[in-house]
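We count ligands from 1, going down the list as the structure has it; atoms in each ligand are counted the same way.
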Amino acid sequence: MKIEDRKGIVITYGTFDLLHYGHLELLRRASLLGDTLIVALSTDEFNSLKGKESKIPYNKRKELLESIRFVDQVIPESNWDQKVSDIQSFGVDLFVMGDDWEGEFDFLKNHCQVVYLPRTIDISTTKLKKSFNS
Ligand code: C2G
């Protein structure tokens, strides 16, 4: 592919527990902003650091994400501080997150473009967990 045709490498981070259409819409829109989408998936250990207990173990969450045709690669997210080195080692052009994170990752603008996309309303892992427990 000619360099000028390269739309770029996109990365996004998350737990993606109980994968649902809100996650899918984020990933789909992120994938349309480049020609390669990398997902940095929170490990089970990092989730406990985030104060989140994921219902689905990392290897299954990874398998689900890898089965999505517009996800090109899944890497582990094991700490809060790996983003700059990820951006550098993967040659990332664009960092994307849902806008519940608006502003939180603006420091990455020194390394790549940063875009926050509107969250999909009325769906969340927390809601799904609550509905299972009802
Ligand atoms: N998301 C969304 N719409 C929803 C739910 C989630 O757009 N209804 C987006 C979030 O904004 C996030 C991504 O889907 O960009 C993954 O969401 P989570 O799995 O909840 O990720 P989070 O726990 O916010 O982890 O270092 C960053 C963290 O790992 C982000």
Side-chain angles (χ1 to χ4, degrees):
M1 169 184 296
K2 292 201 296 293
I3 292 291
E4 58 274 17
D5 294 347
R6 187 169 168 274
K7 272 171 60 187
I9 297 177
V10 182
I11 198 166
T12 189
Y13 291 72
T15 301
F16 297 98
D17 192 26
L18 302 180
L19 193 66
H20 55 67
Y21 61 87
H23 296 136
L24 209 56
E25 282 315 301
L26 186 283
L27 295 170
R28 183 198 316 280
R29 284 174 292 162
S31 73
L32 295 174
L33 297 173
D35 47 23
T36 305
L37 175 60
I38 302 171
V39 179
L41 180 62
S42 309
T43 60
D44 297 334
E45 298 73 19
F46 180 49
N47 274 332
S48 6
L49 275 180
K50 290 201 296 190
K52 280 188 155 186
E53 182 249 331
S54 42
K55 293 286 181 197
I56 311 291
Y58 175 82
N59 62 330
K60 290 298 177 195
R61 289 184 283 122
K62 183 171 189 283
E63 197 178 330
L64 278 163
L65 287 173
E66 286 174 337
S67 66
I68 299 172
R69 61 179 156 74
F70 42 79
V71 171
D72 297 289
Q73 186 176 1
V74 180
I75 63 170
E77 178 189 30
S78 48
N79 62 74
W80 287 110
D81 308 313
Q82 68 184 73
K83 294 181 175 68
V84 172
S85 57
D86 289 346
I87 287 164
Q88 289 167 339
S89 45
F90 289 97
V92 169
D93 301 283
L94 175 63
F95 170 90
V96 173
M97 287 300 289
D99 63 4
D100 48 317
W101 291 93
E102 183 83 40
E104 295 296 322
F105 300 111
D106 287 359
F107 67 93
L108 294 174
K109 287 180 178 174
N110 301 322
H111 304 279
C112 65
Q113 291 169 44
V114 173
V115 165
Y116 302 99
L117 299 173
R119 271 175 74 92
T120 301
I121 57 168
D122 298 336
I123 181 79
S124 70
T125 305
T126 312
K127 262 193 180 174
L128 289 173
K129 284 180 184 173
K130 280 196 187 122
S131 63
F132 295 156
N133 297 334
S134 55

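- Geometrically, ligand 1 and Asp99 share no nitrogen or oxygen pair separated by less than 3.5 Å.
- Between Trp80 and Trp101, the angle of the ring planes lies from 30° to 60°, which puts this pair in the tilted group.
- In terms of modelled atom types and a separation under 3.5 Å, the side chain of Asp72 and the main chain of Ile38 share no donor-acceptor contact.
- Proximity to Lys83 (heavy-atom distance under 4.0 Å) selects the following atoms of ligand 1: 26 (O), 27 (C).
- Close contacts of ligand 1 with Tyr13, meaning ligand atoms under 4.0 Å from a residue heavy atom, involve 26 (O), 27 (C), 30 (C).
- Backbone and side-chain nitrogen or oxygen atoms of Glu77 are examined, and one is located within less than 3.5 angstrom of a nitrogen or oxygen of ligand 1.
- Distance alone, capped at 3.5 Å, is enough to place a donor-acceptor pair between the Asp44 side chain and the Tyr58 backbone.
- Here the heavy atom of the protein found nearest to atom 24 (O) of ligand 1 is Trp101 NE1, 2.8 Å.
- His23 CD2, 3.7 Å is the protein heavy atom nearest to atom 14 (O) of ligand 1.
- Ligand-side atoms of ligand 1 in range of Phe16: 16 (C), 19 (O), range being under 4.0 angstrom from any heavy atom.
- Ranking the protein heavy atoms by distance from atom 1 (N) of ligand 1 puts Arg119 NH1, 4.0 Å first.
- Between the Arg61 side chain and the Thr15 main chain, a donor and an acceptor come within less than 3.5 Å of each other.
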**OP:** Show the numbers, then the answer: is there a side-chain contact (heavy atoms from CB on, under 4.5 Å) between Leu65 and Leu27?
**Re:** CA-CA 9 Å; Leu65 287 173; Leu27 295 170; 3.6 Å; yes
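- Proximity of a side-chain donor or acceptor of Thr12 to a complementary backbone N or O of Val96 within less than 3.5 Å is detected.
- Near Met97, the atoms of ligand 1 lying under 4.0 angstrom from a non-hydrogen atom of the residue are 15 (O), 27 (C), 30 (C).
- The part of Asp100 lying near ligand 1 is the side chain, judged by heavy-atom distances below 4.0 Å.
- Note: no N/O pair closer than 3.5 Å links Pro118 and ligand 1 by distance alone.
- We find the CG-CD1 distance between Leu64 and Ile56 to be 7.5 Å, quoted to the nearest 0.5 Å.
- Atoms of ligand 1 lying under 4.0 Å from any heavy atom of Lys52, numbered from 1 in the order shown and given with element: 18 (P), 20 (O), 22 (P), 23 (O).
- Looking at Asn47, its side chain never comes within 3.5 Å of a backbone N or O of Lys52 through a donor-acceptor pair.
- Annotation: Gly98 places an N or O atom under 3.5 Å from an N or O atom of ligand 1; distance criterion only.
- The shortest N or O to N or O distance between Thr120 and ligand 1 is below 3.5 Å.
- Polar contact with ligand 1: absent for Arg29 (N/O pair, distance under 3.5 Å).
- Below 3.5 Å of separation, one finds an N or O of Thr15 facing an N or O of ligand 1.
- Remark: the backbone N or O of His20 is paired with a side-chain donor or acceptor of His23 at under 3.5 angstrom.
- For residues 80-92, the pairs satisfying salt bridge (charged side-chain N to carboxylate O under 4.0 Å, His left out) are Glu77-Lys83, with sequence neighbours left out.
- Atom numbering of ligand 1 starts at 1 in the shown order; those under 4.0 Å from a heavy atom of Ser42 are 29 (O).
- Checking only distances, His20 never comes within under 3.5 Å of ligand 1, N or O to N or O.
- In summary, the atoms of ligand 1 found under 4.0 Å from a heavy atom of Ile123, numbered by their order in the structure, are 4 (C), 8 (N).
- For the pair Asn79 (side chain) and Gln82 (backbone), a donor-acceptor distance under 3.5 Å is present.
- The N/O atoms of Leu26, backbone and side chain alike, include none that comes under 3.5 Å of an N/O atom in ligand 1.
- In this structure, Phe107 and Phe105 have tilted ring planes: the angle between them lies in the 30° to 60° band.
- At a threshold of 4.5 Å between side-chain heavy atoms, the hydrophobic network of Ile, Leu, Val, Met, Phe, Trp and Tyr places Leu94 and Met97 in two separate groups.
- Of all the heavy atoms of Lys50, the ones lying under 4.0 Å from any atom of ligand 1 belong exclusively to the side chain.
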